[in-house]
Amino acid sequence: MTIRAVVRGVGHYLPSRVVPNAEFEALVDTSDDWIRARTGIERRHFAAEGETTSDMAARAAEAALADAGIAADSIDAILLATSTPDLTFPAAATMVQRKIGASRAFAFDVQAVCAGFVFALANADALILSGQARRILVIGAETFSRILDFTDRGTCVLFGDGAGALVLEAAEGTGTPADRGILATDLNTDGTHQDLLYVDGGVSTTGTSGQLRMQGNQVFRHAVEKLAATGHAALDRAQLTSADVDWIVPHQANLRIIAATAQRMQVPMEKVVVTVQDHGNTSAASIPLALSVGKARGQIHEGDLLVTEAIGGGLSWGAVVLRW
Ligand code: ACO
């Protein structure tokens, strides 16, 4: 018998404040045209004053539980991918546990920046396969607006806030790629590239939360090459090929990265879920947001073969192949 981690529900939450590109024209030397042409981003959401990562994560989790028809107190574990937690500790996941009433669940955060949701999904899969948990909430939630330098046009126009969540449940499979659930994962890190993308503050250095710094064009170069490679590696591990893919659900950082990766993976853009125009780069929240929006749009259906892939600070990158 093969155990699979199967998706039972998905949901998301976006803060109500929508920030169009034009708002940045008053802050830095940029234009709506430049942002659209170079990134594909048209707008993003920013959290309200006082609205935290765990608030948004809890709303997304409740939406995913409702979609699954599963009660919060039957959840065994909560994994929250975030680099922008409410506090240095405890983990924002513990706050979600309290807010949604998931009283039986153990809860912890996963920090792999924009690759965080892929890392959390792979770890949730391992918890289910090892028998440690049967029902897991996997959440991605970020308030990147709080770590942006609004004088740096190379970064402040790129990011947004939001949250998305999946409910995973253990189910019996046949051990073939026809099974529903997570079929393969591929995780990678190269810590020698820290200087390309980091936050210039932290507990044991400055004692402040710091601001995001990025050499965008260098990250771009790594992204296109590494995302296609990890997507192929995960497909190989699942004994599948690009021809089997119904949807790529990529990290939503830049439309040019998304398109170049799809081309390298030989998957047409008609099979790529794109939300970057509406959300910007929401880091670890971007993939679960895209999964939830993709399902709501009627793109993703039960039985579809999905590849998710992401890269972020570290650099860390990875992919998950799953049948919805
Ligand atoms: N408006 C106008 N001009 C700008 C802006 C802006 N908002 N930002 C940069 N420019 C300028 C630069 O100053 C530069 O000007 P110069 O030639 O006079 O020096 C010019 O545009 C070209 O800059 P590049 O950085 O080479 O532009 P590029 O085409 O690479 O686009 C971008 C920049 C959008 C940041 C792109 O490199 C990118 O998307 N990189 C990847 C980011 C990413 O994927 N991050 C993922 C991980 S995020 C995470 O983990 C938190």
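Every number for a ligand or one of its atoms is a count from 1 in the order of the listing. Bear in mind that the values here come from a model prediction, so they are computed numbers and not experimental data. Counting begins at 1 with the first residue of the sequence.
Note on Asp304 versus Arg323: no salt bridge recorded, every NZ/NE/NH1/NH2 to OD/OE distance being 4.0 Å or above. Of the charged side-chain nitrogens involved, at least one lies within less than 4.0 Å of a carboxylate oxygen, so that Lys99 and Asp55 count as a salt-bridged pair. One finds a salt bridge joining Arg104 and Asp76 here, because a Lys/Arg side-chain nitrogen approaches an Asp/Glu carboxylate oxygen to under 4.0 Å. Under the 4.0 Å criterion applied to side-chain N and carboxylate O atoms, Arg17 and Glu23 are assigned as salt-bridge partners.
Listed by chain and residue number, the protein contacts of ligand 1 are Asp29, Thr30, Trp34, Arg38, Thr39, Val113, Cys114, Phe144, Arg153, Gly154, Val157, Leu158, Phe159, Leu197, Met214, Gly216, Asn217, Val219, Phe220, Ala253, Asn254, Arg256, Ile257, Asn281, Ile311, Gly312, Gly313 (heavy atom within 4.0 angstrom).
Asp186 and His232 form no side-chain donor-acceptor contact under 3.5 Å, judged by distance and modelled atom types alone. For the residue pair Ser145/Asp161, the side-chain donor-acceptor check at 3.5 Å is satisfied.
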